[in-house]
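I have placed the structure first, in the form of structure tokens, so that the comments after it can refer back to it.
In the text below, chain A, chain B and the rest are named by the order of the sequence lines, each starting its count at 1.
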Protein chains: 4
Amino acid sequence: MAQTDTVTRILDTAEVLFAERGFAETSLRNITSKAKVNLAAVNYHFGSKKSLIQAVFARYLDPFSERFHAALDSVEQQYAGRQVPLEVLLEVMARTVLEVPAERNSLRTFMRLLGLAYTQGQGHMRRYIREHYGTVFSRFAELLKLATPDLPDNERFWRLHFMLGSVIFTFSGLDALRDIEEAEYGHHTTVRELIQHMRPVVVAAMAAPLPASLGDGEAVTQAAS
Amino acid sequence: MAQTDTVTRILDTAEVLFAERGFAETSLRNITSKAKVNLAAVNYHFGSKKSLIQAVFARYLDPFSERFHAALDSVEQQYAGRQVPLEVLLEVMARTVLEVPAERNSLRTFMRLLGLAYTQGQGHMRRYIREHYGTVFSRFAELLKLATPDLPDNERFWRLHFMLGSVIFTFSGLDALRDIEEAEYGHHTTVRELIQHMRPVVVAAMAAPLPASLGDGEAVTQAAS
Amino acid sequence: MAQTDTVTRILDTAEVLFAERGFAETSLRNITSKAKVNLAAVNYHFGSKKSLIQAVFARYLDPFSERFHAALDSVEQQYAGRQVPLEVLLEVMARTVLEVPAERNSLRTFMRLLGLAYTQGQGHMRRYIREHYGTVFSRFAELLKLATPDLPDNERFWRLHFMLGSVIFTFSGLDALRDIEEAEYGHHTTVRELIQHMRPVVVAAMAAPLPASLGDGEAVTQAAS
Amino acid sequence: MAQTDTVTRILDTAEVLFAERGFAETSLRNITSKAKVNLAAVNYHFGSKKSLIQAVFARYLDPFSERFHAALDSVEQQYAGRQVPLEVLLEVMARTVLEVPAERNSLRTFMRLLGLAYTQGQGHMRRYIREHYGTVFSRFAELLKLATPDLPDNERFWRLHFMLGSVIFTFSGLDALRDIEEAEYGHHTTVRELIQHMRPVVVAAMAAPLPASLGDGEAVTQAAS
DNA sequence: TATGAATGAGCGTTCATTCAT
DNA sequence: AATGAATGAACGCTCATTCAT
């Protein structure tokens with residue numbers, strides 16, 4: 001009880017502060033003083049700041065990974081060997097993402113964290129995520145490949161990450177964007193609606209025509225590395 | 001001369017290190033020792049670390065802003081009041097982005113920095129960028145509106161940010177993504193090629209059909225905040 | 001049983017680590033984790049780190065003290081009031097030292113611990129040793145005095161500690177010295193042989209002529225404290 | 001001036017505290033607060049605690065090494081190829097040791113530090129000393145060999161270390177020993193006098209008869225490792 | 001104009017010890 | 001009798017910044 005309390009309080013506080021300000025900008029003292037636990041408790045329960053960061057991720061990604069596997073199982077069974085359409089795949093992913101953090105503000109936090117994992121943490125987070133969640137990601141990528149058989153592998157790879165970028169960027173900056181939206185257009189979009197907005201865009205993006213053969217003269221002319 | 005030298009050496013080193021490891025993870029000692037200048041030189045020449053970061057950005061964004069204005073002038077003149085097509089707008093932007101940093105590895109650096117500005121820096125960077133470069137962005141947004149007259153304002157707003165997310169996220173995680181790409185497909189994509197890949201995707205995304213009227217029952221069922 | 005086990009495991013582990021790295025450099029965590037016992041067990045069973053250190057010593061010195069007393073009883077009886085020769089006294093001491101730690105590597109450990117007691121531990125160890133083992137040491141010193149009647153007390157005091165220094169230093173650095181010996185001369189000296197080497201040296205040292213009257217001009221000229 | 005002041009104050013304070021309580025037991029806060037300098041000054045001027053320890057040693061050993069070389073030069077020249085007698089060699093060493101720290105309490109400190117270097121510091125100090133001062137030591141060992149031509153190399157090796165043990169052990173436990181001496185005999189021996197005491201003992205020890213052929217039955221019977 | 005020295009604040013981590021069970 | 005949890009203090013070190021010259 002006391003232990004669960006401390007560990008949970010640390011994780012709850014850490015995920016909020018990490019999401020707000022990044023890993024390096026959040027000190028253990030920030031976390032422990034806000035969580036009202038002893039500074040040494042982090043090292044006692046988690047071993048190091050690095051491990052705390054990973055634990056914060058695991059609390060989201062472990063259930064996500066499990067549910068996503070289950071959802072893919074279910075949809076594969078449903079399609080019984082036939083190709084699962086792109087729309088369905090995206091729908092499954094969206095639903096799973098939304099299921100995981102049913103409470104409070106945690107979808108935004110989850111997305112911010114995912115974004116941080118890509119843009120901060122000199123590799124150790126990326127390595128951790130690949131090691132622990134690479135399987136489910138690969139499985140999704142495999143199904144995506146079947147759903148878009150005409151797309152070259154390389155092209156699909158980049159489009160997948162364009163899509164991920166859209167989603168993560170949008171959700172992780174959601175508050176700011178909603179503020180602007182409200183000031184500019186007097187409209188407030190719910191997360192649910194936002195996902196409705198995203199769907200056709202993502203589908204169209206994945207289905208876009210291939211780029212003109214690269215290096216064509218009429219295009220961009222100067223470039224670097 | 002000696003002063004210019006020092007200032008330039010600091011900026012050159014700082015932009016590389018910032019792009020590699022982020023702002024918080026790069027100390028002034030890292031910068032000054034690598035640049036072989038005195039530690040106090042940063043505070044002497046720039047006043048503070050924050051101001052150094054802004055100076056690093058200004059060195060890219062000032063010429064970019066200027067050229068982008070000029071390019072938009074030119075394209076508006078060319079189309080003489082008629083609507084500038086979406087593809088052309090995107091082409092202009094891409095070309096300007098590529099023109100700015102003609103040397104070395106600085107396109108990647110520029111892109112990484114843009115990503116960092118959004119994902120790191122507790123607001124002071126975003127504020128700085130909006131204040132200094134908001135005008136040219138608004139002008140582009142205005143032309144974008146003319147180029148997509150059928151899109152509701154609200155829809156365009158979100159799609160613009162989906163697009164921004166794709167671009168910024170992709171570039172700010174570029175090294176990681178290229179590592180994966182190389183490991184997975186044995187292919188190395190240059191920034192120039194990547195922009196070629198982005199173009200049709202972005203165009204398709206902006207031109208995607210509007211979503212089915214929101215709130216339709218068959219869609220996502222659970223949601224958060 | 002379980003308790004005895006725990007106490008013994010702690011002592012076994014502690015003596016090795018203390019001997020290897022000193023007291024301050026060995027944490028209770030080092031000890032308890034290597035001994036696979038609970039961290040709190042040390043404070044539970046011994047009260048404090050200080051007391052653990054003393055317990056480690058007692059495990060060697062209690063039997064040593066007892067045996068040494070017995071051996072001196074026996075030799076005094078044998079010489080029935082007559083002066084016990086220096087060589088015999090040294091032989092008795094050497095034999096007793098060797099008898100105590102019949103197992104494993106513990107002679108070296110014992111010696112290292114003795115050295116540490118002198119060079120580390122801010123007095124509390126020295127006090128403990130004097131209080132608990134002062135009697136047997138005094139008895140030996142008394143016999144030594146009888147065996148070297150021509151030596152001024154003061155001189156004998158210092159020579160005794162020169163001798164102790166040789167022995168403890170040599171044995172506590174034994175591994176390093178044997179490594180050098182082997183590399184340099186291709187020869188490996190056993191502890192038993194080493195004691196044979198020591199004997200004439202120690203005897204000669206104790207029997208050395210007295211120093212020229214101190215302060216004689218021809219000698220050292222500058223000095224401090 | 002300000003710099004010299006700070007660096008010197010740190011070194012002066014550090015050497016006293018290190019000598020009194022050892023390296024691990026002396027914190028940088030102990031040193032800097034006693035020296036009335038900023039805590040960060042140690043890392044600024046020395047880089048790390050380890051380097052500070054080495055700097056403390058270097059301040060003694062660099063001049064010692066230089067003077068010892070010079071003294072050996074001089075004595076070799078004086079004996080012009082003939083064998084330098086053992087007594088002279090020891091006299092030269094003793095004199096050099098005494099010359100180095102002409103001021104205050106620093107001879108005792110020097111000796112305590114030498115003792116610590118051997119008994120504490122998991123090798124990094126020994127390595128440092130060997131690297132920086134190995135040459136002069138080897139030179140002395142070489143002359144020692146010439147001075148004791150009848151001694152087997154192996155025997156000389158051990159006797160040299162017996163002697164080292166006496167000296168280092170005595171000096172590193174000096175305070176404790178002097179306490180005992182004063183309590184027991186009401187006499188206080190200066191370092192200078194102590195060296196006078198040591199001389200005939202060391203000479204006798206080096207000149208002791210060779211041990212009876214090893215393995216003789218009448219000797220020690222049990223042994224360890 | 002430029003820099004070596006210095007500083008106060010804060011960092012992540014480890015420590016021996018205590019407490020509640 | 002024994003232990004997981006927790007704690008306050010202290011550790012070595014690095015930080016951006018300031019100061020005196």
Side-chain angles (χ1 to χ4, degrees), chain A residues 1-7 10 23-33 37-53, chain B residues 1-7 23-32 37-53, chain C residues 1-7 23-32 37-52, chain D residues 1-7 10 23-33 36-53:
Chain A
M1 170 65 168
Q3 180 251 1
T4 307
D5 234 40
T6 299
V7 167
I10 291 173
F23 303 132
E25 294 86 350
T26 304
S27 73
L28 295 188
R29 280 167 179 82
N30 291 156
I31 296 169
T32 52
S33 70
V37 303
N38 188 278
L39 167 61
V42 170
N43 281 281
Y44 176 72
H45 287 291
F46 298 94
S48 69
K49 189 181 181 181
K50 232 175 228 180
S51 303
L52 170 61
I53 295 175
Chain B
M1 172 61 171
Q3 184 251 5
T4 308
D5 225 43
T6 299
V7 166
F23 303 132
E25 293 87 350
T26 304
S27 72
L28 296 188
R29 271 167 186 76
N30 291 155
I31 296 169
T32 53
V37 303
N38 188 275
L39 167 61
V42 170
N43 283 280
Y44 178 72
H45 288 291
F46 297 93
S48 70
K49 188 181 182 180
K50 233 173 229 182
S51 304
L52 170 61
I53 295 175
Chain C
M1 170 62 169
Q3 185 252 3
T4 307
D5 224 44
T6 299
V7 167
F23 303 132
E25 292 87 350
T26 303
S27 73
L28 296 188
R29 271 167 184 76
N30 291 156
I31 296 169
T32 52
V37 304
N38 188 276
L39 167 61
V42 170
N43 283 280
Y44 177 72
H45 288 290
F46 297 93
S48 71
K49 188 180 182 181
K50 234 173 228 181
S51 305
L52 170 62
Chain D
M1 171 62 167
Q3 181 250 3
T4 306
D5 235 40
T6 299
V7 167
I10 291 173
F23 303 132
E25 294 86 349
T26 304
S27 73
L28 296 187
R29 279 167 179 82
N30 291 155
I31 296 169
T32 52
S33 71
K36 294 190 196 304
V37 304
N38 188 278
L39 167 61
V42 170
N43 281 282
Y44 175 72
H45 286 291
F46 298 93
S48 69
K49 187 181 181 181
K50 231 175 228 181
S51 303
L52 170 61
I53 295 175

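In this structure, V37(C) and L28(B) both approach DNA chain F, and ranking their closest nucleotides by distance from the 5' end singles out V37(C). Nearest-nucleotide mapping onto DNA chain E: of L39(C) and K50(A), the residue sitting toward the 5' end is K50(A). Both N38(C) and A40(D) lie close to DNA chain F; mapped to their nearest nucleotides by heavy-atom distance, the more 5′-ward contact belongs to N38(C).
The distance between atom CG of D5(B) and atom P of dA2(E), rounded to the nearest whole Å, is 10 Å. We find that CD of E25(D) is positioned 16 Å from P of dA10(F), with the value rounded to whole Å. When rounded to the nearest whole Å, the span between CD1 of I10(D) and C1' of dT7(E) equals 13 Å. For the pair R29(B) CZ and dG4(E) P, the computed distance is 13 Å after rounding to whole Å. One atom, CZ of F23(B), and another, C1' of dA16(F), lie 16 Å apart when rounded to the nearest Å. As a whole-Å value, the separation of F46(C) CZ from dT17(E) P is 13 Å.
When I31(D), V42(D), I10(D) are each tested for a side chain to side chain contact (heavy atoms under 4.5 Å, CB included) with V37(D), only one passes: I10(D).
An OP1 or OP2 oxygen of dA6(E) is reached within less than 4.0 angstrom by a side-chain nitrogen or oxygen of T6(D). OP1 or OP2 of dC11(F) lies within a sub-4.0 Å distance of a side-chain N or O belonging to S27(D). Remark: H45(D) is not in phosphate contact with dG4(E), judged by side-chain N or O atoms under 4.0 Å from OP1 or OP2. Distances shorter than 4.0 Å separate some side-chain N or O of N43(C) from OP1 or OP2 on dT17(E).
At the heavy-atom level, T26(A) lies under 4.0 Å from the strands shown only through sugar-phosphate atoms.
Minimum heavy-atom separation, K49(C) to T26(C): NZ-O, 2.8 Å. Residues A41(C) and T6(C) approach most closely at CB-CG2, 4.2 Å, considering heavy atoms.
Contact annotation: side chain of Y44(A) to base of dA6(F), donor-acceptor pair absent below 3.5 Å.
To the nearest 0.5 angstrom, S33(D) atom OG is 11.5 Å from N38(D) atom CG.
With both pairing distances under 3.5 Å, dA10(F) is matched to dT13(E) as a Watson-Crick or G-U wobble pair. The partner of dA1(F) is absent, by the rule that a Watson-Crick or G-U pair needs both atom distances under 3.5 Å.
The main-chain N or O of L28(A) is found under 3.5 Å from a side-chain atom of T32(A) such that the two form a donor-acceptor pair.
Side chain of K49(C), nearest nucleotide from dC15(F), dT17(E), dT14(F): dT17(E). Here dC11(F) is the nucleotide among dC15(E), dC11(F), dA16(F) with the atom lying nearest to any side-chain atom of N30(D).
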